[in-house]
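Only one structure is covered here, and it is reproduced in the block below.
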Protein chains: 2
Amino acid sequence: MTQPPLPHLSPPLPAIDPDPSRRNNLALITALVHHHGSLSRAQLTKRTGLNRSTVGALIGQLVTLGLMYEAAPTGKAQVGRPSPEVHPSPSIAALAVNPEIDAVTIGLMSLGGKVQKKIRYATERIPTAREAVNIAVAVIEGMQSELAASYRITGIGMAVPGLVNRDDGVVRYAPHLGWRDEPVARMMSEASGYVCHAANDASLAAEAELIFGAGAGQRNIVYLNGGASGIGGGLVSDGTLLRGSSGYAGEMGHTLVRTSGTVCHCGASGCLETEVSQAPLFELAGLDGGDTSQLEDALRTRRSDKLDKEVARQLGYLGIALRNAVNTLNPDAIVLDGFLGVLHALSPQTLGDHLQSQALGGPASEVTIHRAELGSDLMMIGAAELAFSQFLANPAGMGAVPTARR
Amino acid sequence: MTQPPLPHLSPPLPAIDPDPSRRNNLALITALVHHHGSLSRAQLTKRTGLNRSTVGALIGQLVTLGLMYEAAPTGKAQVGRPSPEVHPSPSIAALAVNPEIDAVTIGLMSLGGKVQKKIRYATERIPTAREAVNIAVAVIEGMQSELAASYRITGIGMAVPGLVNRDDGVVRYAPHLGWRDEPVARMMSEASGYVCHAANDASLAAEAELIFGAGAGQRNIVYLNGGASGIGGGLVSDGTLLRGSSGYAGEMGHTLVRTSGTVCHCGASGCLETEVSQAPLFELAGLDGGDTSQLEDALRTRRSDKLDKEVARQLGYLGIALRNAVNTLNPDAIVLDGFLGVLHALSPQTLGDHLQSQALGGPASEVTIHRAELGSDLMMIGAAELAFSQFLANPAGMGAVPTARR
DNA sequence: GGTGAATTGTTTTGCTAACAAACATATTCC
DNA sequence: GGAATATGTTTGTTAGCAAAACAATTCACC
């Protein structure tokens, strides 16, 4: 797969390295605008605590750089001079890649968390790392003229279901994809010419829900997603995703919930993931495959004793994992996604009651349990966030790194 | 207990509120010096990345404020002009208070983690919150003339064995002291006239080990302490103590390690704390009370089958809790204190092997297990750190808050 | 419909603090 | 004793933030 060196960034802006203070303030404003979709200058002034004139200068710079634009205020006006709304430029974009067992999904995402384009490329069999990269690169090359014309791409973010070293972008082990020690970020960088970072899918999902979804406004959340390939998690503490030493943090699917339980592929037994899984639910609901919403419909309509028992059993084990998490991490909120969200929705009291009786009084009394909100765009948003992160840390540096080579 | 308003800060310095940038840099240097005991100016320049002249100016300001002093370099000289050592002023101090079931310990701690004075006030019975406060205040008042003459006190830090809300300093529940919803920080503030903050003892211990002990240099650690009153923990992620929503985070003593295990006072069953405890070890070792080092001696010398079995059993359960923690948090290091440190020292391979086979490959391969290093001064250091934190965040503001009223 | 109050953008001015460069000082190595 | 090296010190320059004064735009009230 040869590839001509393409000018990925429309105008090759000069590399700017402003004072740390300036950079920090630019980053602050960019992040606020990005995470809220848009904010008025007055709101930005309040939220940053900076001076009116300073905020004006900062926004002026961001507008000049083409990273934002201003528009007339939309809502009905208040007393006083109207404050223009600051919007992120939709041309600032990131590519999101999410390999799964039956498809590779590629998204073109712009600032503000908006999906500009999403392509699901179904595969006949589980893709290898090389195949996933090739598919993604082919799709991206297909968009190349459009990208070059209308977008400035900050990079590629990959959300991989497995253990991913966030520092070097190596997939240490992805059991369901069958990948081991695959340097996917480097492979993708070299094949596409874009900077690429990779991380665990559930961690990125947690970040997405924190910023744009059910965790918005919270500082400490525990996110758990249940899917066909098991249970993944992401932890947010004080507004930041917990990474741990190498970015592996959050693997709560392998917490012990049952002594001498079923043996897990991880080597241990009685893991949350082995005791709580969607396969028996699908079966008892009489479904032969399908997605989460189908499962939910089926569980709501075709109830049976057996099924109720299984739901209760799984909720019990989920409750144990949550008890551990609540005691250990004292979160503001727990966000449940996938079939875990379905389980909770079926019996909204159960998990809360569990925690009240099983977890420590202090942490348990404060936590609330939510269902995830972002649905199918979740992974795209999370992966894009990974690609945006470098840009968000130094918005004025945009253009300094035109092509890859991390 | 009436109390005359005392001038707690020798020279009533004017309140200074420097630019955020300046404040940040002053804080950076102060923290570095505090955590290392002393550093040369050249080292500070390298570590901060600031300009030589800037570092010179910053240190000059800190010396003028009486927060640091410079001394001739100690080690044998290198090529080039010798760089003076910057030491924290020992007159900058904090008071540490640690109530336990049989005593209240009060420490006078100075910058650099040094214990200037430590007084253990034994009590006949478990002290109430009011009694603990009264004892501490009485001891502090006894030192008052010395304090006024030689020290500038940044405040009081309390390390309490129980759930403590770090924001308001209320002890939510301290099972072994029998305290419930006691606003100890406010009580202490009002009774002593000093700013007071309170936190969980193990969390503070984790912070102390991170900064001065076995975790020095690490960014992500899991700290677990086993004592007469159970198992407490503290978690550090990316160099910062995990607080959670209200500062309750770290309670790993109540992680499930055994389904249908012994019922715990927390309401759940099979908690780490119920399955792993020092009482049976003392008994099997033929000891009737005593401290950790006595236990260690006894376990090393008087071995028996029963005892070996019990040690193995407890290590097994401890291994499960660590597996959960390693999977969830991906730490660089695990630090074990108290009798947990003894258990580990007795059979240093066991826990590591456990983790290799039970925890996920990525996280497990990176983690190292250490024994705590700080010993008996641990709580004093941790509690003092709590009292120093405000000062460390804005060293030049010292003097702005002469007496209490958080 | 006009006037005043309120709010916010804009321009000007001044100050703080960081950096760079040139210089000074103290040590080792030869 | 001199060169090389490392580091403290002094001076000048610049970036960037904030305060103040001014301008613009809206609402409320009469």
Side-chain angles (χ1 to χ4, degrees), chain A residues 14-30 33 38-65 68-87 394-397, chain B residues 14-30 33 38-65 68-87 394-397:
Chain A
I16 306 164
D17 192 28
D19 270 29
S21 153
R22 183 66 160 201
R23 176 164 61 230
N24 189 60
N25 288 339
L26 288 169
L28 192 60
I29 288 190
T30 309
V33 172
S38 75
L39 278 169
S40 74
R41 276 168 79 146
Q43 285 172 305
L44 285 169
T45 305
K46 282 200 190 85
R47 288 195 189 244
T48 57
L50 296 168
N51 192 283
R52 277 216 299 276
S53 52
T54 306
V55 172
L58 290 165
I59 292 170
Q61 185 174 349
L62 292 169
V63 170
T64 305
L65 288 168
M68 316 229 156
Y69 66 93
E70 288 185 295
T74 52
K76 63 172 184 294
Q78 307 292 313
V79 189
R81 178 171 175 172
S83 190
E85 295 277 332
V86 181
H87 297 267
N394 184 17
Chain B
I16 305 164
D17 190 27
D19 270 31
S21 151
R22 183 66 162 201
R23 175 165 61 229
N24 189 60
N25 288 340
L26 287 169
L28 192 61
I29 289 192
T30 308
V33 171
S38 75
L39 280 170
S40 75
R41 276 168 80 146
Q43 286 172 304
L44 284 170
T45 304
K46 282 201 191 82
R47 287 195 189 245
T48 57
L50 297 168
N51 192 283
R52 275 218 298 279
S53 47
T54 306
V55 172
L58 289 165
I59 292 170
Q61 184 173 351
L62 291 170
V63 170
T64 305
L65 287 168
M68 317 227 156
Y69 66 93
E70 289 185 294
T74 52
K76 64 173 184 294
Q78 306 294 313
V79 188
R81 177 171 175 173
S83 190
E85 296 277 334
V86 182
H87 298 266
N394 183 17

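Per chain, numbering begins at 1; letters A, B, ... match sequence-line order.
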Rounded to whole Å, please give me the gap between [atom1] in [X] and [atom2] in [N].
X: B:Leu50; N: D:dG8; atom1: CG; atom2: C1'; answer: 16 Å
X: B:Arg41; N: C:dT27; atom1: CZ; atom2: C1'; answer: 17 Å
X: B:Leu44; N: D:dG8; atom1: CG; atom2: C1'; answer: 13 Å
X: B:Leu62; N: C:dA17; atom1: CG; atom2: C1'; answer: 15 Å
X: B:Asn51; N: D:dT7; atom1: CG; atom2: P; answer: 13 Å
X: B:Leu28; N: C:dA17; atom1: CG; atom2: P; answer: 16 Å
X: A:Leu26; N: D:dA15; atom1: CG; atom2: P; answer: 15 Å
X: A:Asn24; N: D:dA15; atom1: CG; atom2: C1'; answer: 15 Å

Under 4.0 angstrom, heavy atoms only, what part of the nucleic acid is A:Ser83 near: base, sugar-phosphate, or nothing?
->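 Sugar-phosphate, no base atom in range.
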Taking for each residue the nucleotide of DNA chain D with the nearest heavy atom, is it A:Gly49 or A:Gln78 whose nucleotide lies nearer the 5' end?
->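 Upstream on the strand: A:Gly49.
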5'-most contact on DNA chain D (nearest-nucleotide basis), B:Val79 vs A:Arg52, goes to B:Val79
Side chain of B:Arg81 only, please: which of D:dT26, D:dT7, C:dA18 is the nearest?
->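 That would be D:dT7.
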Counting heavy atoms from C-beta on, name the nucleotide in D:dT7, C:dA26, C:dA18 closest to the side chain of B:Pro82.
->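 Nearest to the side-chain atoms of B:Pro82, counting from C-beta on, is C:dA26.
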Using heavy atoms to find the nearest nucleotide of DNA chain C for B:Leu58 and A:Gln43 separately, return the residue whose nucleotide is more 5′.
-> A:Gln43
It should be established whether [X] places a side-chain nitrogen or oxygen under 4.0 Å from OP1 or OP2 of nucleotide [N].
X: B:Asn25; N: C:dA17; answer: no
X: A:Thr54; N: D:dA18; answer: yes
X: A:Ser53; N: C:dT10; answer: no

Do [X] and [Y] come within less than 4.5 Å of each other through their side chains, counting heavy atoms only?
X: A:Leu65; Y: A:Pro395; result: no
X: A:Thr48; Y: A:Asn25; result: no
X: A:Val86; Y: A:Ile29; result: no
X: A:Leu58; Y: A:Leu44; result: no

B:Ser38 and its side-chain hydrogen bond (donor to acceptor under 3.5 Å, both in side chains) partner, picked from B:Glu85, B:Gln43, B:Glu70 = B:Glu85
What about A:Arg22, does its side chain sit under 3.5 Å from the base of D:dG16 through a donor-acceptor pair?
->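 When only heavy-atom distances are counted, A:Arg22 does not reach the base of D:dG16 through any donor-acceptor pair under 3.5 Å.
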